[in-house]
J.: 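One structure, pasted below without further comment.
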Amino acid sequence: MPFTIIRNDITKVKADAIVNAANNTLLGGGGVDGAIHRAAGAELLKECKTLGGCETGQAKITKGYKMPCKYIIHTVGPIWRGGGNNEEKLLYSCYEKSLKLAKEYGCESVAFPLISSGVYRYPKDQALQVATSAINDFLAENDMDVTMVVFDKNAVMVSEKLLDSVQKYIDDNYAEERNDYYRRSRLMFDDFPKLKSFKSVEMDEALEFDSFEDRCMLFDELDESFSQALLRMIDERNYTDAQVYKKANIDRRLFSKIRSDVNYKPKKQTAVAFVIALELDINEARELLEKAGYTLSNSIKFDVIIKYFIENKIYDVYKINETLFAFDQMLIGV
Ligand code: APR
């Protein structure tokens with residue numbers, strides 16, 4: 001997945017490059033800086049002393065030493081002074097310059113802390129917004145696995161308003177479906193050999209078919225594989241493949257696997273990522289997910305959150321992943 005968010009101690013994360021939230025001297029400090037210097041060992045400080053410091057918004061690179069990475073990229077975030085001192089531009093530049101360095105040194109994966117959101121007091125939700133926008137802009141033009149490593153869950157500060165709205169939607173729908181679940185039935189049309197999977201329908205709906213042919217016609221449609229349906233929907237919307245897999249936060253190599261294997265069975269979080277990238281409505285979403293054998297059920301919290309975003313037409317994978325992360329759910333993408 002090109003961009004993901006995890007909760008961990010960044011000194012434990014394996015990546016080609018780990019980014020350090022340093023200060024202008026590059027001679028170590030507290031927080032992430034202190035943790036990385038402790039984990040990397042004294043050799044790191046020795047090399048840092050040769051770098052002559054670093055300006056705010058810029059980045060410099062050293063070896064990884066005892067850390068589980070080839071390189072450590074030191075960048076200096078802005079101290080938050082209320083937002084009127086170019087803080088956003090400087091913070092964006094930290095990510096931009098670090099990613100550029102990682103690319104120059106041939107890194108395929110890089111892990112960031114939430115720069116400036118600790119000692120430098122940058123409000124966490126705004127710091128995350130700047131980070132995702134800089135990373136998103138880079139990934140629009142480049143292939144790399146980028147991980148945002150947050151130290152504690154409340155560091156992923158999705159806006160309170162969005163969190164409350166999603167929580168209310170879960171409370172309303174999640175509970176309701178549990179009663180509704182027993183009303184719905186799943187039918188296996190075992191007298192229709194063409195059917196490759198269950199199709200869960202309302203009992204009355206199932207009996208509305210007025211002929212065997214109608215039902216088979218439905219199954220002809222069901223014969224279209226996930227891959228075929230996906231490519232059809234991309235063409236119908238005049239998107240390019242790259243536009244869709246980038247927006248879906250899907251790795252290019254995975255997309256070419258799906259494109260070349262007509263029977264490819266994606267993971268649910270991958271199939272959902274394409275639903276979001278194609279900006280499907282709830283019926284189109286069900287149609288595409290069913291081709292991969294999935295549905296969106298209100299008895300699964302992940303599904304309920306996805307339905308919230310589809311029904312509110314919010315097709316931003318990064319925002320959805322930050323929300324899923326805040327609710328301890330799996331992220332969408334590969
Ligand atoms: N792994 C991942 N994230 C961490 C870790 C860790 N081991 N330790 C702290 N964090 C998180 C903090 O919770 C915060 O969200 O990293 C984010 C950045 O916090 P700081 O490390 O305080 O960095 P910053 O706010 O950029 O301030 C930089 O602090 O440590 C000094 O020398 C450093 O002067 C510089 C200043």
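Start at 1 and go down the list; that is how both ligands and their atoms are numbered.
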J.: Using only heavy-atom distances, determine whether the side chains of Lys103 and Asn142 contain a donor-acceptor pair under 3.5 Å.
T.: yes
J.: Could you walk me through whether Tyr95 and Phe112 pass ring-ring contact (aromatic ring centres under 6.0 Å, His included), step by step?
T.: CA-CA 8 Å; Tyr95 291 94; Phe112 283 96; 4.8 Å; yes
J.: What I want to check is whether the side chains of Ser297 and Thr295 have a donor and an acceptor closer together than 3.5 Å.
T.: no
J.: So between Val32, Val76, Leu27, whose heavy atom ends up nearest atom 4 (C) of ligand 1?
T.: Val32
J.: Quick one: which ligand 1 atoms are inside 4.0 Å of a heavy atom on Ala21?
T.: 23 (O), 26 (O), 28 (C), 33 (C)
J.: Distance under 4.0 Å to a non-hydrogen atom of Gly118: what atoms of ligand 1 satisfy this?
T.: 14 (C), 18 (C), 19 (O), 22 (O), 25 (O)
J.: So is Gly77 in contact with ligand 1, going by heavy-atom distances below 4.0 Å?
T.: no
J.: Go through ligand 1 atom by atom and flag the ones less than 4.0 Å from a non-hydrogen atom of Asp33.
T.: 30 (O), 32 (O), 33 (C)
J.: Hey, which of Ile306, Asp303, Ile332 is the one that makes side chain to side chain contact (heavy atoms under 4.5 Å, CB included) with Lys268?
T.: Asp303
J.: Report yes or no: do Gln129 and Asp125 form a side-chain donor-acceptor pair below 3.5 Å?
T.: no
J.: Is it true that Lys124 lies under 4.0 Å from ligand 1, counting heavy atoms only?
T.: yes
J.: Please could you name the atoms of ligand 1 that Leu114 approaches to less than 4.0 Å, counting only its heavy atoms?
T.: 17 (C), 18 (C)
J.: Will you find, in the side chains of Tyr92 and Lys97, an N or O donor that is under 3.5 Å from an N or O acceptor?
T.: no
J.: Assess the side chains of Asn136 and Tyr318: does a donor N or O sit below 3.5 Å from an acceptor N or O?
T.: yes
J.: Is the closest N or O pair between Asn23 and ligand 1 shorter than 3.5 Å?
T.: yes
J.: Distance under 4.0 Å to a non-hydrogen atom of Asp9: what atoms of ligand 1 satisfy this?
T.: 1 (N), 6 (C), 7 (N)
J.: Show the nearest heavy-atom pair for residues Lys291 and Ala229, with the distance to one decimal.
T.: CG-CB, 3.9 Å
J.: Is it the case that ligand 1 has an N or O less than 3.5 angstrom from some N or O of Ile10?
T.: yes
J.: Checking the N or O distance criterion of under 3.5 Å, is ligand 1 in contact with Val150?
T.: no
J.: What part of Thr11, side chain from CB on, backbone N/CA/C/O, both or neither, has a heavy atom under 4.0 Å from ligand 1?
T.: neither
J.: Between the side chains of Asn321 and Thr4, is a donor N or O closer than 3.5 angstrom to an acceptor N or O?
T.: no
J.: If you take all heavy atoms of Ser225 and Asn263, which pair is closest and at what distance?
T.: CB-OD1, 4.5 Å
J.: Test your reading of the structure: does Ala35 have an N or O sitting under 3.5 Å from an N or O of ligand 1?
T.: no
J.: Does some non-hydrogen atom of Ser117 fall short of 4.0 Å from ligand 1?
T.: yes
J.: What atoms of ligand 1 come closer than 4.0 angstrom to any heavy atom of Asn8?
T.: 1 (N), 2 (C)
J.: For atom 30 (O) of ligand 1, which of Ala22, Pro78, Gly29, Gly30 has the closest heavy atom?
T.: Gly30
